[in-house]
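Order of the sequence lines fixes the chain letters, A, B, ..., with proteins taken first and strands second; residue numbering starts at 1 for each chain. Hydrogens, waters and symmetry mates are skipped; everything else that's a heavy atom, side chains included, is used.
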Amino acid sequence: MFRKQRREARRRRGRPIRQGSLLEDVRVWTRRFAVVVMVLVAGALIVIDRVEAPVTRDMRAGLADLFAPVIAAVSAPFHAAAEWFDAFQSNATVRERNAELQREIERLRVALQQLPALEDENRRLRAIANAGNRIKGRHVTATVVADTDGPYVRSLLVGAGSAEGIGRGMAVINGDGLVGRIVEVGSHTSRVLLVTDLNSRIPVQLAASGLRALLAGTNGRRMRLNYVPPNVSVSPGALIVTSGHGGVLPRGLPVGRVDSVGRHAILVRPLVNWGRLTFVRIVNYSTTGLVQDAPEGTLRREAGRREAGRRAETP
Amino acid sequence: MSEPIQRAVDRAVRRSFPMATAVVASLAGLIDVPAAEYSRIAPAFTLIAVYCWSVWRPDLLPLSGVFLIGLFEDLLRGLPLGLTALMLLVAAGFVQNQRAYIFGRSNPFLWLVFGLLVVVWMTVEWLAMSILLGQILDPEAAAFRYAATFGLLPVGAALLLAVQRSGMQNV
């Protein structure tokens, strides 16, 4: 007891502990032991995380719930500045934009006149093909809370979670097209794996020809279109939409446009403007029930199995 | 509240500044800046904070605290859990061990050491992520991110130095 008090008094006075003393030795060895333990714990956590243990996913979701309001509050001035900048830009180019919008309105009016006829034709063709009606989904609008994007992981935190009916695997879209998929769900936040992430694999088709392929993220600005037969011609600018195969995403969501066609790779540029991503819509397309009913940790494995199956089917 | 308690609380708060600023730096990296490609090249603010405090006040930035900050960042950013914790731990441990050769030297020297640390960090992270994801990743985005981190050290250090001078004298 006396020794402890003396040590405490010495510490308060800021007097250094003698070099080579027993206390100093104990302190050094404790420190070294603690470092070794932390290194081992970090290694173990990396391994546990790789097998997608639900506990790490819950921890991530819980922490995101806790800090989302703070991050959102700090991000608010940046959003305000961006809006101000947009408004300033719009004022500067308002005449040009106005003319552009007038042309767009005219073009849409013409398209609108054709719409009833096209809808009717589509309904009749679908009836002949026995394809059924398009699946309709329930939408939840959410704000982008935090940008957890980085060079190796491309993801976002959005401000809607299980309390708002969000589930893993749901499609996340905005006005431009497909943004990504929900991979982690907290009470009031969810993590979105962007279509450009290296782990993202989306069954797609070319909108014009219906040719099926698999769109893979690269962590870069563009995605790679895989499993396209070599004798098929794909031209730059072609629209890529989701094919709906696999039952996770609905059919027909626009994803990107073919950017370049090389000898070894077809690269696709996403339609989403990442710099303007403030609001997203999370869509629950109740297609097969697979996503909602899947037990924890099985979604990615299930997707992997289906992907492997598709690879085998792809000519 | 009596004066000794007030003083003790005040001292405790001041002593927690390095950890608190490192946590703030970690959160700053998550701010959603609506600018194209910002997120991919956003500097590693946490590394700057941990480096500066490891040089100036290692007594107030324990390695266990650095480890927890790394875990916190891994959890929030969706990175492999434990990776940033391990890397921050090793980086802080290295700087604190070599502090005798770094502390008190000129600012360009501090910057140079940080540059070397950043290069090693970037290489190790790229290697680790390539192994974990099972393919060789494009290091371009990481190179931009860490170039920005290196370039931002003087600004970050100036801010942290202001914190040190204003609130951490005699603690």
Side chain, backbone, both or neither of B:Ala142 within contact of chain A (heavy atoms, under 4.5 Å) | both
Engaged part of A:Ile71 at the chain B interface, taking heavy atoms whose separation is under 4.5 Å = side chain
Under 4.5 Å heavy-atom distance to chain B, tell me which part of A:Leu156 shows up: side chain, backbone, both or neither.
-> neither
Residues of residues 115-132 of chain B with any heavy atom under 4.5 Å of a heavy atom in chain A | B:Met122, B:Glu125, B:Trp126, B:Met129, B:Leu132
So which part of B:Leu137 gets closer than 4.5 Å to some heavy atom of chain A, the side chain, the backbone, both or neither?
-> side chain
Candidates A:Val41, A:Val35, A:Val39 - the one meeting side-chain contact (heavy atoms from CB on, under 4.5 Å) with A:Val37 = A:Val41
Start with the C-alpha gap between B:Glu73 and B:Thr84, add the side-chain angles, then the distance that decides, and say whether side chain to side chain donor-acceptor pair (under 3.5 Å) holds.
-> CA-CA 7 Å; B:Glu73 186 149 328; B:Thr84 311; 5.4 Å; no
Highest number of heavy-atom pairs under 4.5 Å with chain B among A:Met59, A:Arg31, A:Arg191 belongs to A:Arg191
Against chain A, label B:Leu89 side chain, backbone, both or neither, depending on which of its atoms sit under 4.5 Å from a heavy atom there.
-> side chain
Any donor-acceptor pair under 3.5 Å from A:Asp65 side chain to A:Thr189 backbone | yes
Check each atom of A:Val47 against the heavy atoms of chain B and say whether the ones under 4.5 Å are side chain, backbone, both or neither.
-> neither
Heavy atoms from other residues, nucleotides or ligands near CZ of B:Phe109 exceed 12 (cutoff 6.0 Å) = yes
Charged N-O contact under 4.0 Å between A:Asp197 and A:Arg181 = no
With sequence neighbours excluded, tell me which residues meet side chain to side chain contact (heavy atoms under 4.5 Å, CB included) with A:Ala160.
-> A:Val140, A:Ala142, A:Glu164, A:Ile166, A:Ile282
Between A:Val268 and A:Arg222, is any pair of side-chain heavy atoms under 4.5 Å apart?
-> no
Check each atom of B:Arg145 against the heavy atoms of chain A and say whether the ones under 4.5 Å are side chain, backbone, both or neither.
-> side chain
Any donor-acceptor pair under 3.5 Å linking the side chain of A:Ser162 with the backbone of A:Gly186?
-> yes
Measure A:Thr56 against the heavy atoms of chain B and call it side chain, backbone, both or neither at under 4.5 Å.
-> both
Can you say whether B:Phe144 sits under 4.5 Å from chain A via the side chain, the backbone, both, or neither, judging by heavy atoms?
-> neither
Heavy-atom distance under 4.5 Å between the side chains of A:Leu277 and A:Asp147, does that happen here?
-> no
Please test A:Arg221 against B:Asp138 for salt bridge (Lys or Arg N to Asp or Glu O under 4.0 Å), starting from the C-alpha separation and ending with a verdict.
-> CA-CA 11 Å; A:Arg221 295 181 189 90; B:Asp138 180 9; over 6 Å; no
For each of A:Ala146, A:Ala34, A:Ala44, A:Ala72, tally heavy-atom pairs with chain B at distances under 4.5 Å, and name the one with the top tally.
-> A:Ala146
Is there any salt bridge (Lys or Arg N to Asp or Glu O under 4.0 Å) pair reaching into residues 158-171 of chain B, and which pairs are they, with sequence neighbours excluded?
-> none
Side chains of residues 47-57 of chain B: which donor-acceptor partners sit under 3.5 Å, not counting sequence neighbours?
residue, atom, partner, partner atom, Å
B:Tyr51, OH, B:Leu110, O, 2.7
B:Trp53, NE1, B:Thr21, OG1, 2.7
B:Ser54, OG, B:Val50, O, 2.7
B:Arg57, NE, B:Asp59, OD1, 3.2
B:Arg57, NH1, B:Val171, O, 3.2
B:Arg57, NH2, B:Asp59, OD2, 3.2
B:Arg57, NH2, B:Val171, O, 2.4

Is it the side chain or the backbone of A:Phe67 that comes within 4.5 Å of chain B heavy atoms, both, or neither?
-> side chain
